[in-house]
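Just below is one structure, and these are the notes that go with it.
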Amino acid sequence: QVQLVESGGGLVQPGGSLRLPCAASTSLSSMSTMGWYRQAPGKQRELVALLSVNGNTNYADSVQGRFTISRDNAQNSVYLQMNSLKPEDTAVYYCNARRFVFPPTDSWGQGTQVTVSS
């Protein structure tokens, strides 16, 4: 399993911004996708943003236009830039990596708490 470490979470006011980094223990070239998910209390974990090895991205409708996923291959890291944050963005955010194997295998970070409140 790939080791993933998220950070950058915290408390931010509505309309503010936050940047979440995720450092992987393995080269990103060995991953078919890197992604960010989130889970609020009492709800299932949901996809926020996905980045494939070819550079294609996908975003949840609720964050489209506000969040951006990116990567730095030299640092084996992916990032989630979150702008115009809303209270409903409050959740634990998890980094995900899917490896180039069949069946594909997923690795998860420990999660970082993001709270949007005044």
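This structure is a prediction, so every number in the text was calculated from the model and none was measured.
One hydrophobic cluster, built from ILVMFWY side chains closer than 4.5 Å, holds both Val48 and Val12. In terms of hydrophobic clustering, with Ile, Leu, Val, Met, Phe, Trp and Tyr side chains grouped at heavy-atom distances under 4.5 Å, Leu28 and Tyr79 are assigned to different clusters. Hydrophobic clustering, with ILVMFWY side chains joined whenever heavy atoms are under 4.5 angstrom apart, groups Val92 together with Leu47. Linking ILVMFWY side-chain heavy atoms closer than 4.5 Å, directly or via other members, places Val53 and Met31 in two distinct hydrophobic clusters.
Put simply, the side chain of Ser25 gets close to the backbone of Gln3: a donor and an acceptor are under 3.5 Å apart. Listed for the Gln110 side chain is a donor-acceptor partner under 3.5 Å among the backbone atoms of Glu6. In this structure, Ser117 contributes its side chain and Thr115 its backbone to no donor-acceptor pair below 3.5 Å. At least one donor-acceptor pair under 3.5 Å links the side chain of Tyr59 to the backbone N or O of Ile69. Gln81 contributes no side-chain N or O that, together with a main-chain N or O of Thr68, makes up a donor-acceptor pair within less than 3.5 Å. For Ser107 (side chain) and Val2 (main-chain N/O), a donor-acceptor pair under 3.5 Å exists by modelled atom type.
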| request: Please step through side chain to side chain contact (heavy atoms under 4.5 Å, CB included) for the pair Val78 and Ser70, ending with a clear verdict. | output: CA-CA 6 Å; Val78 296; Ser70 62; over 6 Å; no
| Stepwise side chain to side chain contact (heavy atoms under 4.5 Å, CB included) test for Val114 and Leu18 | CA-CA 9 Å; Val114 173; Leu18 211 58; 4.0 Å; yes
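The distance from the CG atom of Asn96 to the CG atom of Leu50 is 7.5 Å, given to the nearest 0.5 Å. The distance from the CG atom of Leu80 to the OG1 atom of Thr112 is 11.0 Å, given to the nearest 0.5 Å. The OG atom of Ser62 lies 7.0 Å from the CG atom of Asp89; values are rounded to the nearest 0.5 Å.
Side-chain contact between Arg71 and Asn76 is absent, with no heavy atoms from C-beta onward closer than 4.5 Å. In this structure the side chain of Ser29 never reaches within 4.5 angstrom of the side chain of Asn73, judged on heavy atoms. Counting only heavy atoms from C-beta outward, the side chains of Leu85 and Phe67 approach each other to under 4.5 Å. Taking the side chain as every heavy atom from C-beta outward, Met82 and Arg66 never approach each other to under 4.5 Å. Put simply, the side chain of Ser77 does not reach to within 4.5 Å of the side chain of Pro21, judged on heavy atoms. Proximity of Leu4 to Met34: side-chain heavy atoms (C-beta onward) are separated by under 4.5 Å at one or more points.
Taking each heavy atom of Ser118 and Pro14 in turn, the nearest pair found is N-CD, 3.7 Å.
A salt bridge (charged side-chain N to carboxylate O under 4.0 Å, His left out) check over residues 105-118, counting only residues at least two apart or in different chains, returns the pairs Arg98-Asp106.
With sequence neighbours excluded, no residue forms a side chain to side chain donor-acceptor pair (under 3.5 Å) with Gln13. Judged as a salt bridge (Lys or Arg N to Asp or Glu O under 4.0 Å), and not counting sequence neighbours, Arg99 has no contacts.
Between Trp108 and Tyr37, the two ring planes are perpendicular [angle over 60°; tilted spans 30° to 60°].
Cation-pi contact between Arg45 and Tyr94: present, with separation from the ring centre below 6.0 Å and deviation from the ring axis of at most 45°.
In this structure, Glu88 places its CD atom where more than 12 heavy-atom neighbours from other residues, nucleotides or ligands lie under 6.0 Å away.
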